[in-house]
Amino acid sequence: MNKFQILVVEDDPPIRNLIATTLKTHEYKYLLAKNGEEAILQASSYNPDVVFLDLGLPDIDGVEIIKKIREWSNMPIIVISARSEDEDKIEALDAGADDYLTKPFSVEELLARLRVMQRRIALLKSDSDINEKSVYTNGKLRIDYAAGCAYKADEELKLTPIEYKLLCLLAQNTGKVLTHKYITQKIWGSAWDSNVASLRVFMATLRKKLEDEKASVSYIQTHVGIGYRMLKVDVKE
Ligand code: CA
C-alpha cells in the first residue's frame, strides 16, 4: 500500500469518482471532499500529503481555500481547473498552489503530477530524517533525539513522555502551525474533543518548563482556535 494520503476536492461526481478510482487502482490512500467547507475540515484534520483542488466549488472559491490552507500548512496543492478558469489558475498559483491540471486531463497526467510531488516530498523527508538522527537546536533549546532528552541552556528539562513527544513534534515542524486535530492525532492517535482539552493542559505545562517567565522570548506560539507553532528563536534570546 502506498503510504501517501491524498485529499481530492471536487464537486463534480463523475470527475471525483474518476480520480478516486485512479488513486485506488494505484493503491494511494485518499479522502474525498465535495465542497470547500469539507476540504478545509479534511485538510486540517488529516494533514494529507497532497491535495487535488478543483477551483470551481459551490460554496468557497478554490483560491480562498488555498489561502486558508497556507495560513498553517505547506502541503502540496495541485489545482484542477477548467480552461475557462485560466485567470483563476494564475491567481491560484500566486496564492500558493504548487501545480495545476487543466480539465479535461488524462489519468496518466494526473498520476505523473502526483509522482513529481512524491519525489519532491521524498527529498524533503530525507533531509528531515537526517536532522532527526542528530540534534535539534533552537535558541537555548536543544533536543538530543538519540538520547531522548531535551535541554534548555544545557540544563535538562524534566519532561513527561507526552510533553517530550509534543516538543519533538513541534520542533520537527518549526515555523509551521500545527492544528489541534493534527497534534492530537499524532500524539494520541485520535482527535477526540477530550484529547484537545488534554492537549491544552500538556501544552501549558510544557511551556512552563520551556519558557522563562523573565525572558520575553516564547518558543511556542498559540494560534487561538487553530493550534500551535514552534518559532525559530534568535540564539541570543
Ligand atoms: Ca467544479
Side-chain angles (χ1 to χ4, degrees), residues 1-125 173 176-182 184-185 191 223 225-227:
M1 191 80 179
N2 206 312
K3 275 196 212 138
F4 268 68
Q5 187 173 50
I6 293 135
L7 171 60
V8 180
V9 187
E10 172 61 76
D11 62 323
D12 191 357
I15 300 178
R16 196 169 60 233
N17 291 339
L18 171 73
I19 299 174
T21 310
T22 304
L23 294 177
K24 197 172 181 179
T25 309
H26 291 81
E27 300 192 318
Y28 286 102
K29 286 196 288 181
Y30 61 90
L31 301 154
L32 300 174
K34 59 183 181 301
N35 56 46
E37 201 185 327
E38 280 183 16
I40 291 164
L41 185 71
Q42 306 250 44
S44 63
S45 307
Y46 298 100
N47 213 25
D49 296 295
V50 176
V51 182
F52 277 111
L53 175 67
D54 175 30
L55 284 184
L57 293 168
D59 56 345
I60 307 172
D61 184 71
V63 174
E64 291 309 310
I65 296 172
I66 296 167
K67 287 180 187 163
K68 273 228 149 61
I69 291 176
R70 284 290 172 264
E71 285 173 11
W72 51 268
S73 173
N74 292 321
M75 63 179 71
I77 301 173
I78 303 174
V79 156
I80 304 174
S81 72
R83 213 166 274 286
S84 61
E85 295 165 342
D86 253 0
E87 267 181 34
D88 299 343
K89 193 158 73 187
I90 293 158
E91 212 189 324
L93 291 170
D94 283 340
D98 296 273
D99 200 359
Y100 63 85
L101 269 174
T102 304
K103 289 179 194 171
F105 54 84
S106 67
V107 295
E108 286 76 20
E109 191 181 0
L110 178 126
L111 290 167
R113 298 295 169 99
L114 195 51
R115 285 194 297 271
V116 170
M117 286 301 157
Q118 274 186 282
R119 281 198 294 273
R120 212 184 278 178
I121 294 165
L123 273 177
L124 290 174
K125 204 189 165 306
N173 294 282
K176 290 189 212 161
V177 178
L178 303 181
T179 64
H180 296 133
K181 280 197 174 173
Y182 179 71
T184 51
Q185 286 275 8
H223 287 248
I226 302 172

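Whatever order the structure lists ligands and atoms in, that order sets their numbers, starting from 1.
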Practice task
Output the atom name for the N/O/S atom of Asp11 with the smallest distance to the Ca ion (ligand 1).
Solution key: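 Looking only at N, O and S atoms of Asp11, the one nearest the Ca ion (ligand 1) is named OD1.
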
Exercise for the section: Measuring from the Ca ion (ligand 1), name the closest N, O or S atom belonging to Asp54. Expected result: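 Sorting the N, O and S atoms of Asp54 by distance to the Ca ion (ligand 1) puts OD2 first.
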
Please list every donor-acceptor pair under 3.5 Å in which a side-chain atom of residues 64-71 meets a protein atom from a residue at least two apart or in another chain.
| from | atom 1 | to | atom 2 | distance (Å) |
| --- | --- | --- | --- | --- |
| Arg70 | NE | Gly96 | O | 3.0 |
| Arg70 | NH1 | Ser73 | O | 2.9 |
| Arg70 | NH1 | Met75 | O | 3.1 |
| Arg70 | NH2 | Met75 | O | 2.9 |
| Arg70 | NH2 | Gly96 | O | 2.9 |
| Arg70 | NH2 | Asp98 | OD2 | 3.0 |

Handout entry: Salt bridge flag under 4.0 Å for residues Lys29 and Asp49
Key =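 Judged by the 4.0 Å cut-off on N to carboxylate O distance, Lys29 and Asp49 do not form a salt bridge.
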
Handout entry: Metal check, the Ca ion (ligand 1) vs Leu57 N/O/S, cut-off below 3.0 Å
Key =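 Given the 3.0 Å cut-off, Leu57 does not count as a ligand of the Ca ion (ligand 1).
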
Handout entry: Identified side chain to side chain contact (heavy atoms under 4.5 Å, CB included) partner of Ile80 from the options Asp12, Ile19, Val9
Key =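 Of the listed residues Asp12, Ile19, Val9, the side chain to side chain contact (heavy atoms under 4.5 Å, CB included) partner of Ile80 is Ile19.
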
Exercise for the section: Please identify each residue that fulfils side chain to side chain contact (heavy atoms under 4.5 Å, CB included) with Leu111, with sequence neighbours left out. Expected result: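 Testing Leu111 for side chain to side chain contact (heavy atoms under 4.5 Å, CB included), a comparison that skips the adjacent residues, returns Thr22, His26, Tyr28, Arg115.
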
